[in-house]
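Notes for the one structure printed next.
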There are 2 protein chains.
Amino acid sequence: MAANGSNVVSRGAVRFTEEQEALVLKSWAIMKNDSAHIGHRFFLKIFEVAPSARQLFSFLRNSDVPLEKNPKLKIHAMAVFVMTCEAAAQLRKTGRVTVRDTTIKRLGSTHFKNGVSDAHFEVAKFALLETIKEAVPASMWSPAMKGAWGEAYDHLVAAIKQGMKPAAA
Amino acid sequence: MAANGSNVVSRGAVRFTEEQEALVLKSWAIMKNDSAHIGHRFFLKIFEVAPSARQLFSFLRNSDVPLEKNPKLKIHAMAVFVMTCEAAAQLRKTGRVTVRDTTIKRLGSTHFKNGVSDAHFEVAKFALLETIKEAVPASMWSPAMKGAWGEAYDHLVAAIKQGMKPAAA
């Protein structure tokens, strides 16, 4: 399926096997209906590992509401989690990271503007994998499933980082 | 506030309660004889969360030896772990972060030179607490123990960061 004007293509074709796709789809099917809750835990884990990452979010910087109760964080966390999982779920079918063009551009510029570092992307990856591990049945989790989600995440970050580069023109 | 020749003082007196000291001493007594192994796990956890942190260590950058088997990493990890725990164990008695002057100066300049960021210090804190949690009996671990080690670590990092500032004179 060709990337048209509304998709963003990460550099080169994405290698994502049928087995990896199956592992992502199987776990995403279980998590999907609980996205709000799991997404929230994903972000709380990020801030547990790297509390300074809170400074990257305007709605956390300027708020007295405790992190756990911040309604804007809950909404944001769910949106990011669903976007991440949907991109992973479509990765093999499309052969590329598929998110709406406007979104990846905005993501790129926002992450760039806020000075998000490689370490932050790594902490988010760790938090995502830990969160998924805790969200699926213990018997379902495996090194292969961890690898599949990890690779899918890496492709998403590569696409965001492309969007973080200053425009060539 | 006088730092004498052999000690480094973090800004202001360190508040560390008798209960916190007891929690640190109790767990350190259990871990001490296994410092090499636990220190190694501490560093492997850091690199699990933030693989890019490997670039901060010359003996990892220039080595083909797998991370888990690198003998220099094992030695370094044990030294850092023991220093961290000893500083925590002495925190209340001395009222300050006690490490040898030469060491903290070297630590400060090395961390500064290598561009260690707040996020890296946070990842190391998370890794330390996770490692201690897994190293002590489950019945011993508690939020209070986590808090005691976390505070002790924060004081150590504050001392290192003081050493990271360009010399005033």
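So you know, we letter chains A, B, ... as the sequences are listed, proteins then strands, and number each from 1.
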Could you see if [X] belongs to whatever hydrophobic cluster contains [Y]? Use Ile, Leu, Val, Met, Phe, Trp, Tyr and a side-chain cutoff under 4.5 Å.
X     : Y      : result
A:F42 : A:I30  : yes
A:L23 : A:M140 : yes
A:L60 : A:I75  : no
A:L25 : A:V82  : no

All ring pair (Phe, Tyr, Trp, His ring centres under 6.0 Å) counterparts of A:F47, not counting sequence neighbours: A:F57

Could you pull out all residues at least two apart from A:F126 that satisfy ring pair (Phe, Tyr, Trp, His ring centres under 6.0 Å)? B:F126

Any donor-acceptor pairs between chain B and chain A, under 3.5 Å? If so, list them.
| residue | atom | partner | partner atom | Å |
| --- | --- | --- | --- | --- |
| A:S52 | N | B:E122 | OE1 | 3.2 |
| A:S52 | N | B:E122 | OE2 | 2.8 |
| A:S52 | OG | B:E122 | OE1 | 2.9 |
| A:S52 | OG | B:E122 | OE2 | 3.3 |
| A:E122 | OE1 | B:S52 | N | 3.2 |
| A:E122 | OE1 | B:S52 | OG | 2.9 |
| A:E122 | OE2 | B:S52 | N | 2.8 |
| A:E122 | OE2 | B:S52 | OG | 3.3 |

Between A:P51, A:A53, A:A119, which shows the greatest number of heavy-atom pairs under 4.5 Å with chain B?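 Among A:P51, A:A53, A:A119, the one with the most close pairs to chain B is A:P51.
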
